[in-house]
Structure formats: structure tokens, C-alpha cells
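Below is one structure, written out as C-alpha cells; comments come after it.
As the structure is a computational prediction, the values presented were derived from the model and not from experiment.
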Amino acid sequence: MRGRLNLSLLEIRNVAKSFGAIRAVNGFSLTIEAGEVLGLMGDNGAGKSTMVKLIAGNFPPTEGEILVEGKVCHFHRPLQARAMGIEVVYQDLALADNLTASQNVFLGRELKKVLWPFRILHKQAMIDRSGELFAELKSETRPRDLVRKMSGGQRQAVAIARTRLAQAKLVLMDEPTASISVRQVAQVLELIQRMKARGVAVMLISHRMPDVFAVSDRIIVMRRGGKVADKLTAETSPEEITGLITGAIRAA
């Protein structure tokens, strides 16, 4: 009996996206495996943000296919991508500053209990589960802390815990280390490594070369809407990646 084929967690096949006469992405392909950290790099306008939005379900591609675990998916809204295990941690984190960490983790997914004839929020269960998630991530974040009083690293932990609650298979992280301190950057990179250890795939979109080299297994470079390199991190260098981003090196 033949063994089951090993399918990539995510496969992008010759995807293109046009906005009127503007071709934002053209003939782009990639694969990412469970537990792999993939760095996606490129200059402003290279097509990275559009590619992330296509994977996240913000809009469908003009051409090409997106497959999750071998299944062709037609995403027209983020809920469809989330149903397939794809979560996004945006640069602004999309957190409610006036709420606690646990309230943010469960925002839109609140747990409830029945006190006949009413259904009320099960606050303690949400606090307990949030605490478990922060412990898994080895974060100092506490469930009852207000988000507005948190450091950048703690805020990232809240956003990542939300993806863990959803049992994400792939987390797209958009510039997670921008505008935070060196200590907080180290915390975020540790969180990425812990997700990897649990078998979660991470796509890291970043301009920060040291961060991408610190945690990624592979690096893909985009330029003018296309892919110009797909390299194992161990087989490239910051100098080569910089040349690919700027166009000093055409492709690799």
C-alpha cells in the first residue's frame, strides 16, 4: 500500500494580484511546512503586504491558487482563512488598550456559562486559560493586567496567545519587532521559537535583518511583486539578502 504523500502546510502556486492596471503581485509561489519559520523580506512596495493579505483572506488572488494541507482554498474574507488555521499578528497588534490581557485574548470568542435563564461571561475560566497560554509562552504577562500598561513584548504575547487560543497552524507576523526595545525584541523572537517548537509555522515579515536571521529557517525576497530568492538562511548572508532587496543582485 502506498504511503500518504507529505503535503505542505501552505502552498502558493503562481499567484498574481491586480488592482486595476497595477500588478501588485505577479507569478508568486512558495511553500511552508509545519514548524517552519519563513522570513519574507523586500523593500516598501515589493508586494509583501499584498501577499500577506491574500494568504489572510482579505481578498482573493486574480490568478493562481492557495492550498492549505493540499486543499485548494478560495478565501474572500479573513474568517475563511482563520477557519483553516491561518492567523495574523499585525504590526499595530489590533489590541483594545482599555481591556485586560485575558479580555483581549478572548475578544470575540468569550466563554459563557449558564445561570438559568441567563448566559453570562465566564470570567474566571477566561482568566485561567489566558494564564495557561502565557505560561506556555513563558511570558511575564498576567491575565488581569491592562494592555495600556504593558510593554511592547507583553503586548506581542497577548496577540500571540490569541492565535494559540485559536489553535493556529500558521501565524503571519507583520513587523513584530518594529518600534520596541532591544529587550522586548528578544522576548518576541523567543515567542516565535516557542511557536516553532510546538509545530506552528510562522511567516515573519520584517525589515530587520538580524531578527530574520536569528529565527528563520528560510528567507524569501520579493521585489516588484515577484520572488527573486528563496534561500535557506544557513546558506545566505545579510549582504546577499540586502543586494537582492535593492536589486544589486538580480536573483538567487
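Among the candidates Arg23, Lys17, Arg13, the single residue satisfying the salt bridge (charged side-chain N to carboxylate O under 4.0 Å, His left out) test with Glu63 is Arg23.
Atom CZ of residue Arg223 and atom CZ of residue Arg250 lie 7.0 Å apart, to the nearest 0.5 angstrom. The NE2 atom of His207 sits 7.5 Å away from atom CE of Met41, with the distance rounded to the nearest 0.5 Å. Note that OG of Ser216 and NZ of Lys231 are 13.0 Å apart. Values are rounded to the nearest 0.5 Å. Note: Leu10 CG to Leu30 CG = 6.0 Å, rounded to the nearest 0.5 Å. Taking NZ of Lys123 as the start and CG of Leu111 as the end, the distance is 13.0 Å to the nearest 0.5 Å. Here the straight-line distance linking atom CD1 of Ile205 with atom OG of Ser49 works out to 8.0 Å at 0.5 Å rounding.
At most 12 heavy atoms of other shown residues, nucleotides or ligands fall within 6.0 angstrom of atom CZ in Phe118. Dense packing is recorded around NZ of Lys196, with more than 12 heavy atoms of other residues, nucleotides or ligands lying under 6.0 Å away. Counting non-hydrogen atoms of neighbouring residues, nucleotides and ligands closer than 6.0 angstrom, the CG atom of Leu115 exceeds 12 such neighbours. Under a cut-off of 6.0 angstrom, the local environment of CZ in Arg183 is sparse, with at most 12 non-hydrogen atoms contributed by other residues, nucleotides or ligands. Counting non-hydrogen atoms of neighbouring residues, nucleotides and ligands closer than 6.0 angstrom, the CZ atom of Arg208 exceeds 12 such neighbours. At most 12 non-hydrogen atoms from other residues, nucleotides or ligands lie less than 6.0 angstrom from NZ of Lys53.
Residues Asn98 and Leu146 are not in side-chain contact: their nearest non-hydrogen atoms beyond the backbone lie 4.5 Å or more apart. Side-chain contact check for Leu9 versus Leu170: some heavy-atom pair is nearer than 4.5 Å. Two residues are said to be in side-chain contact when any heavy atoms from C-beta on lie closer than 4.5 Å; Arg82 and Leu79 meet this criterion. At least one side-chain heavy atom of Met203 sits less than 4.5 Å from a side-chain heavy atom of Ile55. Contact annotation: the side chain of Phe134 never approaches that of Asp145 to less than 4.5 Å [non-hydrogen atoms, C-beta and beyond]. Between Ile220 and Phe28, the closest side-chain pair of non-hydrogen atoms falls below 4.5 Å. Contact annotation: the side chain of Phe75 approaches that of Ile86 to within less than 4.5 Å [non-hydrogen atoms, C-beta and beyond]. With a 4.5 Å cut-off on side-chain heavy atoms, Met126 and Val105 do not count as touching.
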| message | As a quick check of understanding, evaluate side-chain contact (heavy atoms from CB on, under 4.5 Å) for Val171 and Ile160, giving each step before the final call. | response | CA-CA 9 Å; Val171 178; Ile160 292 171; 5.8 Å; no
| request: May I have the step-by-step check of side-chain contact (heavy atoms from CB on, under 4.5 Å) for Lys71 and Leu7, ending in yes or no? | output: CA-CA 9 Å; Lys71 179 182 178 181; Leu7 299 173; over 6 Å; no
| field | Worked verdict on Asp174 versus Val52 for side-chain contact (heavy atoms from CB on, under 4.5 Å) | value | CA-CA 8 Å; Asp174 183 15; Val52 169; 5.6 Å; no
| message | Using side-chain contact (heavy atoms from CB on, under 4.5 Å), reason through Val182 and Val185 one step at a time and then give a plain yes or no. | response | CA-CA 5 Å; Val182 173; Val185 167; 5.6 Å; no
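Taking all atoms of both residues into account, the shortest heavy-atom contact from Ile192 to Leu204 is CD1-CD1, 4.2 Å. Residue Ser8 comes nearest to Glu33 through the heavy atom pair OG-OE2, 2.8 Å, listed as atom of the first residue, atom of the second, then distance. The shortest heavy-atom contact between Ala81 and Ala56 is CB-O, 3.3 Å.
Side-chain contact, Gln103 with Thr100: a donor N or O sits under 3.5 Å from an acceptor N or O. Residues Thr177 and Asp211 bring a donor and an acceptor atom of their side chains to less than 3.5 Å of each other.
A donor-acceptor contact shorter than 3.5 Å links the side chain of Thr62 to the backbone of Ser18. In terms of modelled atom types and a separation under 3.5 Å, the side chain of Arg162 and the main chain of Val89 share no donor-acceptor contact. With hydrogens and angles ignored, the 3.5 Å screen pairs a side-chain donor or acceptor of Ser29 with a backbone N or O of Asn14. With hydrogens and angles ignored, the 3.5 Å screen pairs no side-chain donor or acceptor of Lys138 with any backbone N or O of Leu191. Of the possible polar contacts, one joining the Asn104 side chain to the Ala96 backbone as a donor-acceptor pair under 3.5 Å is found. Listed for the Glu36 side chain is no donor-acceptor partner under 3.5 Å among the backbone atoms of Asp217. Between the Gln187 side chain and the Ser139 main chain, no donor and acceptor come within less than 3.5 Å of each other. A distance-only check finds no donor-acceptor pair linking the side chain of Thr236 to the backbone of Thr233 [under 3.5 Å]. A side-chain donor-acceptor contact under 3.5 Å links Lys48 to the backbone of Gly42.
Using a cutoff of 4.0 Å between basic side-chain nitrogens and carboxylate oxygens, Glu136 and Arg164 are scored as salt-bridged. Classification of Asp230 and Arg218 as a salt-bridged pair holds, one side-chain N sitting under 4.0 Å from a carboxylate O. Ion pairing of Asp97 with Arg155 is present here, as a side-chain N (NZ or NE/NH1/NH2) and a carboxylate O approach within less than 4.0 Å.
In the hydrophobic cluster analysis, where Ile, Leu, Val, Met, Phe, Trp and Tyr join through side-chain heavy atoms closer than 4.5 angstrom, Leu189 is grouped apart from Tyr90.
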